[in-house]
*Asks:* 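Supplied in structure tokens, the structure appears directly below.
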Amino acid sequence: MKHLQSFILAASFIACTTCSAQGQFGGQSLPDSKPLSTNINQNGYPRLLPDNSVAFRLRAPEAQKVQIDLCGKKYDMKRSDDGWWSVTSQPQVPGFHYYNLIVDGVSTADPASESFYGCSRMSSAIEIPEEGCEVFEPQDVAHGQVRELTYFSKYTNSWRPVFVYTPASYEKGDKVYPVVYIHHGGGEDHRGWAEQGRTANIMDNLIARGEAKEMIVVCVNSNVPQKAGSRGGYSWEGMQAYKTELTENIIPFIEKTFRTKTDAKNRAICGLSMGGGQSFYIGLRMPELFSNVALFSTGIFGGISGASNFDPEKEIPGIYSNTANFNKCLQTFFISCGEQDPRINYTRTIVQQMKDKGVKVEFDSYPGDHEWQVWRKSFAHYAKMLFK
């Protein structure tokens with residue numbers, strides 16, 4: 001009851017977190033600071049400082065303790081006499097960072113910022129810009145559309161959501177397009193790639209530059225419950241529920257609704273983290289459906305709890321014992337990981353082993369941990385490879 005009262009009291013004041021748009025912070029000026037692009041409307045906070053540290057400020061005069069939880073690191077905020085709480089974070093690496101307010105022990109999104117579904121909840125976020133990453137931002141180019149649709153799943157016996165990107169040319173003729181089925185990570189859903197991942201911006205810009213082919217991108221919700229008695233986890237058996245959903249519901253719906261090419265060489269499957277594991281098993285085990293497969297920051301090779309002694313031949317029969325045929329079935333096979341991600345060394349080891357065995361696989365890494373800036377770069381890299 002105490003936590004509920006604290007939450008109600010704090011929430012009634014948090015809405016005033018916007019107030020100072022002039023860069024005033026605890027009575028002091030913050031020169032050269034600016035509101036973040038993820039702020040809602042005219043909210044002055046959070047603010048980005050020149051060294052990429054971030055200033056947070058909110059008004060909660062009845063609260064006893066307020067913290068910012070920024071990507072798992074908690075910062076204690078200091079209260080001024082007029083009820084404003086403030087703190088400045090350590091410098092942040094470029095990219096997308098989830099954060100939450102903790103007011104008297106109650107964790108909540110910040111109403112001054114946009115909220116995104118990630119970490120299995122709606123979370124606030126900040127975006128630290130990075131030079132040379134204009135491809136992630138809207139540009140003066142022809143823009144495609146992101147459509148929010150629902151389809152009926154016979155597997156779950158329910159209506160399920162899907163986001164679909166179509167390139168700018170889609171409305172102008174009868175052209176048919178190759179398709180990428182792109183998968184989110186654990187604790188996320190179909191919104192991840194469309195919102196946090198900036199998929200439409202990436203595709204619009206790459207297409208305008210002539211660096212990528214026109215394609216449809218399907219942002220799926222791969223959170224499909226297991227049937228009673230079935231095995232879950234990162235294994236071929238554990239992928240059966242989602243494999244059924246993808247092959248019997250999602251792909252047929254997309255190919256019925258949109259003008260798509262329907263052969264394996266014009267389908268791609270990719271994903272981050274959990275979605276990378278799904279793409280690995282389903283994409284590589286089903287070459288009759290997919291000739292293009294990519295994994296971003298997957299933990300199946302190691303670096304996460306329960307992952308050890310990974311044997312590619314056991315998981316994908318024929319990858320080593322019949323490598324020539326395996327390579328023949330694939331047009332593209334790409335793996336990536338963040339350079340500070342705990343998964344990186346395990347991933348590099350398996351990639352090198354694959355190369356030593358003759359598997360045609362391309363690998364790249366990017367500065368960053370298990371985070372969206374790495375995945376945006378991964379997808380941009382992969383999109384350039386596809387359907388050539």
Side-chain angles (χ1 to χ4, degrees), residues 52 68-75 89-100 116-121 123 125-128 130 133 182-189 192-193 196-197 222-223 232-236 238-239 270-281 283-284 293-312 314-316 319 333-356 359 361-382:
N52 282 352
I68 293 291
D69 184 346
L70 179 56
C71 298
K73 181 176 177 58
K74 295 181 175 63
Y75 295 87
S89 75
Q90 295 175 342
Q92 301 296 301
V93 299
F96 183 94
H97 304 275
Y98 292 113
Y99 80 95
N100 289 288
F116 303 84
Y117 183 68
C119 309
S120 299
R121 59 171 289 175
S123 297
I126 56 175
E127 182 77 40
I128 308 296
E130 181 177 0
C133 290
I182 191 166
H183 294 73
H184 57 82
E188 298 166 349
D189 62 13
W193 275 108
Q196 296 97 302
S222 60
N223 297 312
Y234 288 105
S235 66
W236 177 236
M239 299 296 162
C270 63
L272 70 91
S273 197
M274 179 186 80
Q278 292 168 330
S279 300
F280 176 84
Y281 282 103
L284 298 184
V293 179
L295 337 169
F296 316 142
S297 306
T298 180
I300 58 175
F301 306 137
I304 61 173
S305 177
S308 62
N309 301 319
F310 186 82
D311 182 354
K314 177 183 176 182
E315 305 303 327
I316 310 295
I319 189 172
F333 182 24
F334 175 61
I335 298 175
S336 70
C337 195
E339 291 166 2
Q340 284 71 50
D341 193 317
R343 300 155 182 79
I344 183 64
N345 289 332
Y346 298 93
T347 301
R348 284 190 171 125
T349 296
I350 289 294
V351 168
Q352 188 58 54
Q353 182 187 110
M354 288 180 180
K355 289 182 176 180
D356 291 344
V359 174
V361 57
E362 183 169 331
F363 172 77
D364 206 351
S365 63
Y366 309 93
D369 201 326
H370 205 62
E371 57 189 84
W372 274 106
Q373 199 74 341
V374 170
W375 303 326
R376 293 167 179 170
K377 292 175 181 178
S378 297
F379 178 64
H381 182 129
Y382 189 52

*Asks:* Donor-acceptor pair, distance only, cut-off 3.5 Å: does the side chain of W193 make one with the backbone of H183?
*Replies:*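 Side chain of W193 to backbone of H183: a pair is present.
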*Asks:* When you measure from the side chain of Q353 to the backbone N and O of D311, does any donor-acceptor pair fall under 3.5 Å?
*Replies:*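 No; judged by distance alone, with no hydrogens or angles, the pair does not exist.
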*Asks:* Looking at R376 and Q373, what are the two nearest heavy atoms and their distance?
*Replies:*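 Smallest interatomic distance, heavy atoms only, reads NH1-OE1, 2.9 Å.
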*Asks:* Determine whether a donor-acceptor pair (N or O, by modelled atom type, separation under 3.5 Å) exists between the side chain of R343 and the backbone of G338.
*Replies:*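 Between the backbone of G338 and the side chain of R343 there is no qualifying donor-acceptor contact (under 3.5 Å).
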*Asks:* What is the distance from atom CG of N52 to atom CD of Q92, rounded to the nearest 0.5 Å?
*Replies:*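 If we round to the nearest 0.5 Å, N52:CG and Q92:CD are 8.5 Å apart.
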*Asks:* Search all heavy atoms of S123 against all heavy atoms of G118 and return the closest pair with its distance.
*Replies:*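 Minimum heavy-atom contact is OG-O, 3.6 Å.
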*Asks:* What distance do F333 atom CZ and Y382 atom OH have between them, rounded to the nearest 0.5 Å?
*Replies:*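 The distance works out to 9.5 Å.
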*Asks:* Tell me the closest heavy-atom pair linking G277 and T298, and the distance in Å.
*Replies:*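 Looking at all heavy atoms of both residues, the shortest contact is N-OG1, 3.6 Å.
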*Asks:* What's the separation between atom OH in Y346 and atom CD1 in I304, rounded to the nearest 0.5 Å?
*Replies:*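 Reported to 0.5 Å precision, the distance equals 10.5 Å.
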*Asks:* Give the intermediate values and the outcome of side chain to side chain donor-acceptor pair (under 3.5 Å) for residues D341 and H370.
*Replies:* CA-CA 5 Å; D341 193 317; H370 205 62; 2.7 Å; yes
*Asks:* Can you tell me how far apart CG (L272) and OG (S336) are? Round to the nearest 0.5 Å.
*Replies:*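 L272 atom CG to S336 atom OG measures 9.0 Å (nearest 0.5 Å).
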*Asks:* Looking at N223 and E188, would you say the former's side chain and the latter's main chain have a donor-acceptor pair under 3.5 Å?
*Replies:*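 Present.
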*Asks:* Walk me through whether E130 and K377 qualify under side chain to side chain contact (heavy atoms under 4.5 Å, CB included).
*Replies:* CA-CA 12 Å; E130 181 177 0; K377 292 175 181 178; 3.0 Å; yes
*Asks:* List the steps, then state whether side chain to side chain contact (heavy atoms under 4.5 Å, CB included) holds for K73 with S89.
*Replies:* CA-CA 9 Å; K73 181 176 177 58; S89 75; over 6 Å; no
*Asks:* Any chance you could lay out the side chain to side chain contact (heavy atoms under 4.5 Å, CB included) test for L70 and I126, step after step, and finish with the verdict?
*Replies:* CA-CA 9 Å; L70 179 56; I126 56 175; 3.9 Å; yes
*Asks:* So does E315 get a backbone contact from the side chain of Y281, meaning a donor-acceptor N/O pair under 3.5 Å?
*Replies:*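 No, the answer is negative, given that no donor and acceptor are paired below the 3.5 Å cut-off.
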*Asks:* Report yes or no: does E339 contribute a side-chain atom to a donor-acceptor pair with the main-chain N or O of C337 at less than 3.5 Å?
*Replies:*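 No; zero donor-acceptor contacts below 3.5 Å.
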*Asks:* Over all heavy atoms of both residues, which pair between I319 and V359 is shortest? Give the atoms and the distance, please.
*Replies:*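 Closest pair (atom of I319, atom of V359, distance): O-CG2, 3.6 Å.
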*Asks:* How about F310 and F280: are their ring centres within less than 6.0 Å of each other?
*Replies:*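 Here the rings of F280 and F310 have centres that are less than 6.0 Å from each other.
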*Asks:* Grab the two heavy atoms, one from I344 and one from S365, that are nearest each other, plus how far apart they are.
*Replies:*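 I344 and S365 have their closest heavy atoms at CD1-CB, 4.2 Å.
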*Asks:* My understanding is that only residues two or more places apart in sequence, or in another chain, count here; which of them pass side chain to side chain donor-acceptor pair (under 3.5 Å) with S297?
*Replies:*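 Listed in chain order: W375.
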*Asks:* Test side chain to side chain contact (heavy atoms under 4.5 Å, CB included) on W372 and Y98; report intermediate values, then the result.
*Replies:* CA-CA 10 Å; W372 274 106; Y98 292 113; 3.5 Å; yes
*Asks:* Please report whether the ring centroid of F96 lies less than 6.0 Å from that of F116.
*Replies:*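 Ring-ring flag for F116/F96: true, centres closer than 6.0 Å.
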*Asks:* Going by heavy atoms in the side chains, are P342 and D369 under 4.5 Å from each other?
*Replies:*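 Yes, side chains in contact.
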*Asks:* Would you compute the distance between atom CD of Q196 and atom NE2 of H184 and round it to the nearest 0.5 angstrom?
*Replies:*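 So the CD of Q196 and the NE2 of H184 are separated by 11.0 Å.
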*Asks:* Are there over 12 heavy-atom neighbours, none belonging to K355, within less than 6.0 Å of that residue's NZ?
*Replies:*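 Yes, the 6.0 Å shell around NZ holds more than 12 heavy atoms from other groups.
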*Asks:* Please work out whether the ring planes of Y366 and H381 are parallel, tilted or perpendicular, with thresholds of 30° and 60°.
*Replies:*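 Perpendicular.
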*Asks:* If I take atom CD1 from residue I300 and atom CG from residue L295, how far apart are they, to the nearest 0.5 angstrom?
*Replies:*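 Here the rounded value is 6.0 Å.
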*Asks:* How close do Y75 and Q90 get, counting heavy atoms only, and between which atoms?
*Replies:*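 Nearest pair, atom of Y75 first, then Q90: OH-N, 3.2 Å.
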